[in-house]
Amino acid sequence: MTPVHFSFTSAFILGLMGLAFHRTHLLSALLCLEGMMLSLFIALALWALQFESTVFSTAPMLLLTFSACEASTGLALLVATARTHGTDRLQNLNLLQC
């Protein structure tokens, strides 16, 4: 395993571990998701550069576009949750209540 491959794999796994074990606030969960998406973007971009093909060059940009949409939706949910509940703690959110 090359050091570059190891660093992107460890960045993705650290984001996944943070999302799985440190779910107290919605903002920390969104930051973990964003870190995972950025590590996937960099790994996919380096993979496309390694093959030197124009077919794979659009995949990182598509992933970055979806990542930006995910971040804006997450921030909109964070603002809406903070306005309605007064906090962004995930334990206070109950999906069964209206």
Side-chain angles (χ1 to χ4, degrees):
M1 180 182 292
T2 64
V4 174
H5 186 264
F6 176 73
S7 64
F8 294 128
T9 305
S10 63
F12 182 80
I13 289 176
L14 281 174
L16 188 64
M17 296 286 278
L19 186 63
F21 294 125
H22 189 65
R23 291 183 296 168
T24 56
H25 294 283
L26 182 59
L27 185 61
S28 65
L30 290 174
L31 284 174
C32 289
L33 281 174
E34 193 65 29
M36 289 169 57
M37 289 298 285
L38 286 176
S39 68
L40 282 176
F41 167 72
I42 294 172
L44 193 60
L46 287 177
W47 182 65
L49 284 174
Q50 191 176 24
F51 280 126
E52 296 176 359
S53 176
T54 59
V55 176
F56 298 118
S57 64
T58 59
M61 295 308 289
L62 186 66
L63 182 72
L64 192 61
T65 304
F66 285 132
S67 175
C69 292
E70 175 258 332
S72 65
T73 305
L75 286 177
L77 285 173
L78 177 69
V79 169
T81 302
R83 284 184 181 172
T84 57
H85 296 293
T87 183
D88 69 333
R89 291 185 59 89
L90 291 176
Q91 293 176 350
N92 294 342
L93 300 178
N94 189 359
L95 295 177
L96 298 177
Q97 290 180 339
C98 292

Distance (rounded to the nearest 0.5 Å) between [X] [atom1] and [Y] [atom2]:
X	Y	atom1	atom2	value
Met36	Ile13	CE	CD1	10.0 Å
Leu63	Leu40	CG	CG	6.0 Å
Leu64	Phe41	CG	CZ	4.5 Å
Arg83	Leu78	CZ	CG	11.0 Å
His22	Leu90	NE2	CG	10.0 Å
Leu38	Phe12	CG	CZ	12.0 Å

Quiz item: Are the side chain of Thr73 and the backbone of Glu70 linked by a donor-acceptor contact shorter than 3.5 Å?
Solution: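 A pair under 3.5 Å: no.
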Practice problem: Applying side-chain contact (heavy atoms from CB on, under 4.5 Å), run through Thr24 and Gln91 and close with a yes or a no. | Solution: CA-CA 7 Å; Thr24 56; Gln91 293 176 350; 5.6 Å; no
Membership question, hydrophobic clusters at under 4.5 Å side-chain separation (ILVMFWY): are [Y] and [X] in the same one?
X	Y	answer
Ile42	Phe51	yes
Trp47	Met37	yes
Leu77	Leu33	no

Considering all heavy atoms of both residues, which atom of [X] and which atom of [Y] are nearest to each other, and what is their separation?
X	Y	value
Ala11	Ser39	CB-CB, 4.0 Å
Ala48	Pro60	CB-CG, 4.4 Å
Leu30	Gly74	CD1-O, 3.4 Å

Quiz item: Just checking, is any N or O donor in the side chain of Ser67 or Glu34 under 3.5 Å from an acceptor N or O on the other one?
Solution: yes
Practice problem: Under the side-chain contact (heavy atoms from CB on, under 4.5 Å) rule, what do Leu46 and Phe8 come out as? Steps first, then yes or no, please. | Solution: CA-CA 11 Å; Leu46 287 177; Phe8 294 128; 3.3 Å; yes
